[in-house]
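Encoded as structure tokens, the structure appears first; notes follow it.
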Amino acid sequence: TIQLQAVRRRLGAEHDAEARDLATAEDVAREALGEMRRLLGVLRGGEGEGLSPQPGLGELPRLVDRVSTPERPVALAVHGDATHLSPGADLALFRIAQEALTNATRHSGASRIDVVVTWQQGAVTVRIEDDGSGLVSVARGDGHGLVGIRERAALYGGEARVESAPGRKDPVAIARFAAPVRQAET
């Protein structure tokens, strides 16, 4: 994060968009480092005191606001009535959305990105769509992020697929979780 911050500070006023992108990367890197520190603390026998809650789908509006720029707006739409997710599934869906947004902002050249969360009886689907050039590596399955999307979904009984088609508004990532969804307790 220090290197990102140093580069961002060297940019001139004519590179405002790049500076915003670097600031977003700094925030994401800080969050990841914090999560790693918390995980190591728990693994070392710490009792987890003072640990902040892990993000979930409730944090998507903040994530969307953070990655949205005037040049590349990101919109969030939520359909249906939300139900409670297991903490692991909630975190997995958030991370899948975060990875798909990262891919769309870095690699697709999109001018618009949409995040769509659909709650249905016993399931939730998260779709990340963009109008960009598509992902070349999807067909080959390259990239740890794309593999991670599938692995996170499978870990919680869900499924994920990553599609790409240049020039059309096609999903970058679709994650559907059925098993981990549990109804709100009354």
Side-chain angles (χ1 to χ4, degrees), residues 21 24-25 27-29 31-32 35-36 39 54-69 72-184:
D21 289 344
T24 299
D27 291 341
V28 170
E31 283 181 19
E35 287 177 23
M36 186 60 65
L39 176 62
Q54 293 294 307
L57 290 180
E59 293 293 313
L60 274 180
R62 190 172 74 91
L63 175 63
V64 165
D65 287 344
R66 198 171 66 213
V67 299
S68 186
T69 66
R72 187 197 56 248
V74 180
L76 172 63
V78 179
H79 306 286
D81 295 324
T83 58
H84 291 285
L85 293 171
S86 68
D90 202 19
L91 174 62
L93 280 167
F94 177 84
R95 292 294 178 225
I96 288 169
Q98 186 179 44
E99 180 64 30
L101 280 169
T102 299
N103 287 340
T105 58
R106 285 187 186 165
H107 307 297
S108 75
S111 63
R112 178 173 176 79
I113 302 170
D114 294 308
V115 179
V116 181
V117 179
T118 305
W119 296 90
Q120 298 169 323
Q121 278 191 318
V124 59
T125 304
V126 177
R127 296 173 63 96
I128 311 298
E129 303 174 337
D130 70 60
D131 63 355
S133 61
L135 298 171
V136 175
S137 63
V138 169
R140 296 188 315 258
D142 294 349
H144 296 291
L146 301 178
V147 171
I149 286 173
R150 292 182 191 99
E151 288 174 346
R152 282 184 191 272
L155 185 61
Y156 291 98
E159 62 179 335
R161 58 182 201 272
V162 180
E163 301 172 349
S164 183
R168 294 188 354 222
K169 184 177 179 175
D170 278 0
V172 171
I174 304 168
R176 179 175 167 77
F177 279 43
V181 177
R182 55 184 168 90
Q183 297 300 322

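For S111, the side-chain contact (heavy atoms from CB on, under 4.5 Å) partners at least two apart in sequence or on another chain are D131. A search for salt bridge (Lys or Arg N to Asp or Glu O under 4.0 Å) contacts involving R66 returns E31, not counting sequence neighbours. With sequence neighbours left out, the side-chain contact (heavy atoms from CB on, under 4.5 Å) criterion links V64 to V74, L76, V115.
A donor-acceptor pair under 3.5 Å is formed between the side chain of R72 and the backbone N or O of V67.
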query: What's the verdict on side-chain contact (heavy atoms from CB on, under 4.5 Å) for V117 and L60, showing C-alpha distance, side-chain angles and the deciding distance?
result: CA-CA 10 Å; V117 179; L60 274 180; 3.7 Å; yes
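I128 has its side chain within reach of V126: a pair of non-hydrogen atoms, C-beta onward, lies under 4.5 Å apart. No side-chain heavy atom of R112 sits less than 4.5 Å from a side-chain heavy atom of D130. Between W119 and L85, the closest side-chain pair of non-hydrogen atoms falls below 4.5 Å. Put simply, the side chain of L101 reaches to within 4.5 Å of the side chain of I113, judged on heavy atoms. Between Q120 and V124, every side-chain heavy-atom pair lies at or beyond the 4.5 Å cut-off.
Around the CG atom of D81, the shell of radius 6.0 Å holds no more than 12 heavy atoms that belong to other residues, nucleotides or ligands.
The distance from atom CD of Q121 to atom OG1 of T83, rounded to the nearest 0.5 Å, is 10.0 Å. With rounding to the nearest 0.5 Å, the separation of CZ in F94 from CD in E99 is 12.0 Å. Here D65 contributes atom CG and E59 contributes atom CD; the two are 11.0 Å apart, rounded to the nearest 0.5 Å. Remark: L93 CG to I149 CD1 distance equals 11.5 Å, nearest 0.5 Å.
When all heavy atoms of E159 and A153 are compared, the pair lying nearest together is C-CB, 3.7 Å.
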